[in-house]
Colleague: 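The structure follows.
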Amino acid sequence: MAGPVFATDPEAQVSAVELDGLSVLFHAPSGMTHIVAAPAPQILDALRIGPADAGELLARLRAWYDFESDDEVADAVDARLEELEAAGLVRRA
Amino acid sequence: MRNARLLVRALGDPASVRACDWAGLISAARAEQLIGSLAFRMEGQAVPPRVAAIFEAARRDSAQARTQALWEAEMAHRALAPLGLPIILMKGTAFHAAGLDASVGRSVGDLDIMVPHDSLDAVEAALIGAGWEHVKDAQGYDDEYYRRWMHELPPLIHRTRDRMIDVHHTILPLTARPRPDAQAMIAASVELENGLRILCPADIVVHAAAHLFADGNLAGGLRNLWDIDRLLREFAAQPGFWASLGECARLHQIGPHVGRALRLSHRLYGTPVDKAVAGRARLTDLLFEMRLLARNGWGQEKAKALRFAFYVRSHWLRMPPLMLARHLWVKARS
Amino acid sequence: MKHRLSIQIGPVAFRIGSAWAQPLDALARLYAAYPEPEDGICDFTVRLEAEKPWRRYFRPSVAIRGDYILPDAAPLSLAHGLLAAEMGMNLQMALGQKRYLLLHAATVEKNGRALIMTGESGAGKSTLAALLGERGWRLMGDEFALLDMDSGMLLPFPRAVSLKNGAIAVMEAQVAPGRFGPRLEGTPKGDIRHMRPNRNALSRMGEGAMPALILFPRFGAAQAVRSVGAAEIFMRLTQASTNYVSLGRRGFDSLTRLIANNPALAIDYPDTDSAIGLVDDFWRELAA
Amino acid sequence: MSGSDHNPAGEAIGAKAFVPSRRAVLVMGAAAASTVVTIRPALAQTAGSIINCEIPVPGPHAGGNFIAPDGNLVAPGTPGAAAPLSRPLRGEEVRSLLRSGSTPAGVDPQSAQAYANYIRRLQSGMSGFTCYASLQMPR
């Protein structure tokens, strides 16, 4: 069953500065600053290809990365999307 | 000259302000939450360098305030979109979302929206699901009072963004004498590009007048009246606006308040207004003017007795006498 | 208002109005060497007024108000009126300052470069800055650092140093009595005595400096130095800034630039002499 | 914030198109971990310099009510609940109570926890909220 489809803002709307392996994001639409850790920046990049549901998002990430362990990866993606949605960095398409 | 008068003159006719009590003007503008509006009005005028820097910072600050207000609306939209309801932005957020002249430099506190009365429960549940929470313990007299008599839900605040939302279902408390037709307002509302809605121009003015003269104690009234000036000047360019304003004012039983708003806006800000809608000047207009200008150049409130009289009036307008007595009794005991 | 006073501190001018003469008399003595705003115009207004009309005479209590106010503020006794005036000015800066990125930090300058010291109150940055200010450094400010977002330069804000409890005796041993305000006992923050910065600090209050080093001092532990990761510095500085969030992208750009261009260290120090030794060592290394 | 200090694909952020130079290992984190921290307005560090504030426990709207261990208001005399404080707590007392659990003078430790939880539940519009907000560290 296909879950909700998520989208994110274009790159021009989000300034990112790398500090110590963390990303500091200035999100222009909200005027807010977020400090995010992996895999949040990678998820945002993957969603910039176009809106996707959690399954499609995971497939895009798999194409780019190996995962440390495959256990509960799907749950982790859901949890990350929920956080990013609450912060306003991704939205339901 | 009282500095509130100086502030009013500067807003209405920025070129007329030369050498003046700048510190007093700035303090009065900050106290009345008009510093952003003043800063934009005075843009391009020759002012001393420090004043220019203060105005420049105020203009930047209101750009940020605008971003925040629109973002709050966007987040509420995201939370409520699945319900498929008309969501009507009100007051400052509506001005910003529609890019009205009244939004220039306008500060925004809470997010105000209006939804159909029968959808209140669903809206409240959806907002709570998206991170808003009740401000006070949702128990006891305050909550009961709100749900029974007010024109809005008890205020909600967002858990992480610390911003409040007021969800209205009409524009005045149900205890007030005028009974506006909320359904007609929703039906006449206008959709914006992003799917959110605002009231139609005449209803925006009706709501602003009701809010200023039928609901509150006139605190912050200079700012609300400045909104009305900007709205009237912009909408007057639309054919048939004055006639439709008169009609809407009658329909929503706000006629006298709309008339008062037009007359005072004209008196203070020189707004060109339609004589028929404005009605004849009343002696009490002068009292309202005095109350609106009760602020000195140190930002202090003046005319305490007059302020108190308008405070009592605000309760009188909202409640029938017996109910007012019960309300004050419960408040006094708590 | 009945009594009034205007003071220029660095780039910021205040006017303070008061219902009583005493707080402004004390303020005028403490700020005797400060200029009045040249143009007679002030950035911020502070009001010291009676909480209720009758409290002007009966058990007088000073409510701190002004252009920007916080509800829930409790009044101070008239005997602490000088502290009320100071808090009133700080309050305007914390809530109303939007021209500069404001950091809750002490800054000192030497050879044109500035050292930023920040940390929670009680970390000792104020005392450290005051001491450095008497030992060859220029005190730029003990409380607020103003970062100019266009140039990246720090601007001085050399208000009177607020010495608390044990720090009072430390400075009394080194500085001429004429530079101190009255000792205020039993304030909500303990005993307080204000100290006017020296002539060098005041005569150069219009002169900014580029930052060179960020320190997070902590008083009380055995001497230790550790480097601080850039993300942690960012987080700490946003929490030390009262206006970062409201400055939007300009705040983000200038803060990330400050962090990219400056090393940062956390230091623990058991006593002020060892802290001053550490600071001087760092400075020599940076210059080398 | 999660402990993932290393972000192997970090260099890709800001690139025009996403082209990983090598296959990196992505740590997804546990479902319960948090990877987003939002910067919130801060007054906490300056609180002592800008405000002399007090928090009534409970506020005037709930005068007489007791405070349950979780901070909720309950009827006077409820067993296990703390009686209202006769004096408001000063800002510095609240700060050390919330940060280190140190008990204000004349308050027993168990009641102090109830008061601390009451203060944590304060919201905008309630008496004491701005004081709390000015003392509060970021959530």
Side-chain angles (χ1 to χ4, degrees), chain A residues 6-49 57 61 64-69 73 76-91 93, chain C residues 94-105 116 118-119 145 147-152 211-216 225-266:
Chain A
F6 293 92
T8 192
D9 300 290
E11 211 171 327
Q13 301 274 10
V14 186
S15 316
V17 170
E18 289 300 296
L19 299 176
D20 279 348
L22 297 175
S23 297
V24 182
L25 307 181
F26 180 77
H27 181 240
S30 63
M32 296 198 294
T33 304
H34 308 278
I35 304 181
V36 300
Q42 292 76 10
I43 290 175
L44 296 181
D45 278 328
L47 286 178
R48 290 210 174 101
I49 292 173
L57 173 63
L61 290 172
W64 291 341
Y65 300 101
D66 295 326
F67 295 134
E68 201 174 44
S69 112
V73 161
V77 166
D78 286 343
R80 299 292 84 84
L81 282 169
E82 193 177 319
E83 277 186 298
L84 290 167
E85 189 185 11
L89 289 167
V90 308
R91 61 179 181 277
Chain C
L95 299 181
Q97 179 56 261
K98 302 291 168 78
R99 276 169 74 183
Y100 309 102
L101 180 73
L102 187 143
L103 297 170
H104 184 238
I116 302 174
T118 184
L147 183 68
D148 184 276
M149 289 180 279
D150 297 322
S151 65
L213 173 65
I214 303 166
L215 281 186
F216 297 94
V225 179
R226 68 178 182 93
S227 67
V228 189
E232 185 185 342
I233 305 170
F234 183 84
M235 191 71 196
R236 284 204 196 194
L237 290 181
T238 59
Q239 292 317 305
S241 173
T242 56
N243 64 1
Y244 169 76
V245 168
S246 69
L247 293 172
R249 180 185 297 276
R250 274 158 54 86
F252 173 83
D253 288 342
S254 48
L255 194 59
T256 48
R257 189 156 41 124
L258 176 74
I259 291 166
N261 294 343
N262 291 281
L265 294 166

Colleague: Counting only heavy atoms closer than 4.5 Å, note whether A:Ser30 contacts chain C via side chain, backbone, both or neither.
Modeller: neither
Colleague: Can you tell me how far apart CD1 (C:Ile233) and CG (A:Asp20) are? Round to the nearest 0.5 Å.
Modeller: 7.5 Å
Colleague: Got a second to check how far C:Thr256's OG1 is from A:Leu19's CG, nearest 0.5 Å?
Modeller: 7.5 Å
Colleague: To the nearest 0.5 Å, tell me how far C:Tyr244 OH sits from A:Thr33 OG1.
Modeller: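 The OG1 atom of A:Thr33 is 2.5 Å from OH of C:Tyr244, to the nearest 0.5 Å.
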Colleague: Within a 6.0 Å radius of atom CD on A:Glu82, are there more than 12 heavy atoms belonging to other residues, nucleotides or ligands?
Modeller: no
Colleague: What are the two closest heavy atoms between A:Leu25 and C:Phe252, and how far apart are they?
Modeller: C-CE1, 4.2 Å
Colleague: Could you check which of C:Gly251, C:Ala231, C:Gly248 has the highest count of heavy-atom pairs closer than 4.5 Å to chain A?
Modeller: C:Ala231
